[in-house]
Amino acid sequence: MGLQQNVTGNENVYARATISETLCHKRYETELGLRQLVESDMNSLRRILDELTLCKSDLEAQVESLKEELLCLKSNHEQEVNTLRCQIGDRLNVEVDAAPTVDLNRVLNETRCQYEALVETNRRDVEDWYTTQTQELNKQVVSSSEQLQTCQAEIIELRRTVNGLEIELQAQHNLRDSLENTLTETEARYSSQLSQVQCMITNVESQLAEIRSDLERQNQEYQVLLDVRARLECEINTYRDLLESEDCKLPCNPCATTNACGKPIGPCVSNPCAPCVPCTPCAPSASCTPCVPRPRCGPCGSSVR
């Protein structure tokens, strides 16, 4: 009973260790999947950050090109204005009787003002667009940085969790190995004890078989002895009956005319010392029993056997 309880306890401990190992393995797989998801999110965020950086560089290059184009336009405009001024200055000495013409300087100034206003408007629009895009990029960079920091913190925490789970898994493996070794030792020990008990049981069974055979033999001998005793008692009773019947036939007084049974008899025997009845030999199957002494028929008073 104690062996069965110990084996059952070891099996329960081994089952609990197996369940703990399975749970730790499942938890490790779950954490590993979460880690892979976080790493994939980080990689996608890094790609987005790289794209945003490239977009920012493109926008900066576009702004630089627009600035250069604006400078080129300004220089071309100044050259055209100077050329027109030179042409107008050369023609100021010409007198025309025709109607007054349009003031070219005023027209040029208006055109220049319109171009400058258009250029300023474009510049402001470009600057506003650049500022807006820069702010959005900065916001995206900040949010990406925060997400990156959060992901890094989560990765660090997951690494710590994974390390702890690996340590716990190793401890569970060690516990399982120790339990398996203990179970093996217990099985070997109880197997040896069981073999010893089986040997003892075999010896006891052989001894019981010998005792049973001895008892049967003794019982048979006892039955034989009982049969011999019964036969001897029957023979003894038979001889006793014969002796009693012979005693009844013999007279107690040799001179009496009747015997002990009251029957008439003849005259006294001539030899009073002769036995009345000879001694009967013993049966060959029974042990010889000595004859019982009884009184003589004659006056001598001696006894015969």
Side-chain angles (χ1 to χ4, degrees), residues 1-51 143-231:
M1 191 68 180
L3 173 61
Q4 186 176 4
Q5 290 179 357
N6 291 327
V7 172
T8 306
N10 292 328
E11 289 179 353
N12 293 329
V13 172
Y14 181 73
R16 287 197 297 271
T18 306
I19 293 169
S20 300
E21 181 182 359
T22 305
L23 292 175
C24 291
H25 187 65
K26 289 182 178 178
R27 186 177 177 185
Y28 174 74
E29 289 179 352
T30 304
E31 297 295 337
L32 184 62
L34 291 174
R35 177 184 177 183
Q36 291 176 356
L37 290 175
V38 171
E39 288 180 352
S40 62
D41 292 336
M42 287 178 61
N43 293 325
S44 61
L45 289 174
R46 285 196 183 97
R47 286 195 295 271
I48 292 171
L49 182 62
D50 294 334
E51 291 176 357
S143 63
S144 299
S145 300
E146 292 177 354
Q147 291 179 359
L148 183 61
Q149 290 177 358
T150 305
C151 292
Q152 288 178 352
E154 290 179 356
I155 288 172
I156 293 171
E157 186 66 25
L158 289 173
R159 284 178 180 174
R160 291 177 181 174
T161 305
V162 168
N163 291 328
L165 290 174
E166 287 179 352
I167 294 171
E168 186 177 358
L169 182 61
Q170 187 66 32
Q172 293 295 330
H173 280 301
N174 295 328
L175 179 61
R176 185 191 66 183
D177 294 335
S178 64
L179 290 174
E180 287 179 352
N181 294 327
T182 304
L183 181 61
T184 305
E185 292 176 357
T186 305
E187 288 178 351
R189 184 171 66 254
Y190 284 109
S191 296
S192 63
Q193 292 180 1
L194 183 62
S195 62
Q196 293 177 0
V197 170
Q198 287 179 352
C199 291
M200 292 174 64
I201 290 171
T202 305
N203 293 327
V204 171
E205 287 179 350
S206 63
Q207 292 177 3
L208 286 175
E210 292 177 357
I211 292 170
R212 190 178 292 109
S213 63
D214 292 337
L215 288 175
E216 290 177 355
R217 182 176 52 78
Q218 291 178 3
N219 191 11
Q220 292 177 358
E221 292 178 355
Y222 180 69
Q223 292 294 331
V224 171
L225 292 174
L226 286 177
D227 293 337
V228 172
R229 179 184 176 184
R231 288 196 299 272

Can you find a heavy atom in the side chain of [X] that is under 4.5 Å from one in the side chain of [Y]?
X      : Y      : answer
Leu45  : Met42  : no
Val204 : Leu208 : yes
Ile211 : Leu215 : yes

Can you sort out the partners of Arg160 under side chain to side chain donor-acceptor pair (under 3.5 Å), two or more places apart, ordered by chain and number? none
Please name all residues satisfying side chain to side chain donor-acceptor pair (under 3.5 Å) with Glu39, sequence neighbours left out, ordered by chain then number. Arg35
Distance in Å, [X] [atom1] paired with [Y] [atom2], rounded so as to fall on 0.5 Å steps:
X      : Y      : atom1 : atom2 : answer
Asp41  : Thr150 : CG    : OG1   : 12.0 Å
Ser206 : Ile201 : OG    : CD1   : 12.0 Å
Thr161 : Glu154 : OG1   : CD    : 11.0 Å
Glu29  : Gln36  : CD    : CD    : 10.5 Å
Asp227 : Arg231 : CG    : CZ    : 6.0 Å
Gln218 : Leu225 : CD    : CG    : 11.0 Å

Between Ile167 and Gln170, is a side chain to side chain contact (heavy atoms under 4.5 Å, CB included) present by the stated rule, with each step listed? CA-CA 5 Å; Ile167 294 171; Gln170 187 66 32; 5.7 Å; no
Please give me the minimum heavy-atom distance between Ile155 and Val38, naming the atom from each residue. CG1-CG1, 3.7 Å
Looking at every heavy atom in both Tyr28 and Val162, which two are closest together, and how far apart are they? CE1-CG1, 3.6 Å
May I have all residue pairs that pass salt bridge (Lys or Arg N to Asp or Glu O under 4.0 Å) and include part of residues 204-223, sequence neighbours excluded? Asp214-Arg217, Arg217-Glu221
Atom CZ of Arg189 with >12 non-hydrogen neighbours under 6.0 angstrom: yes
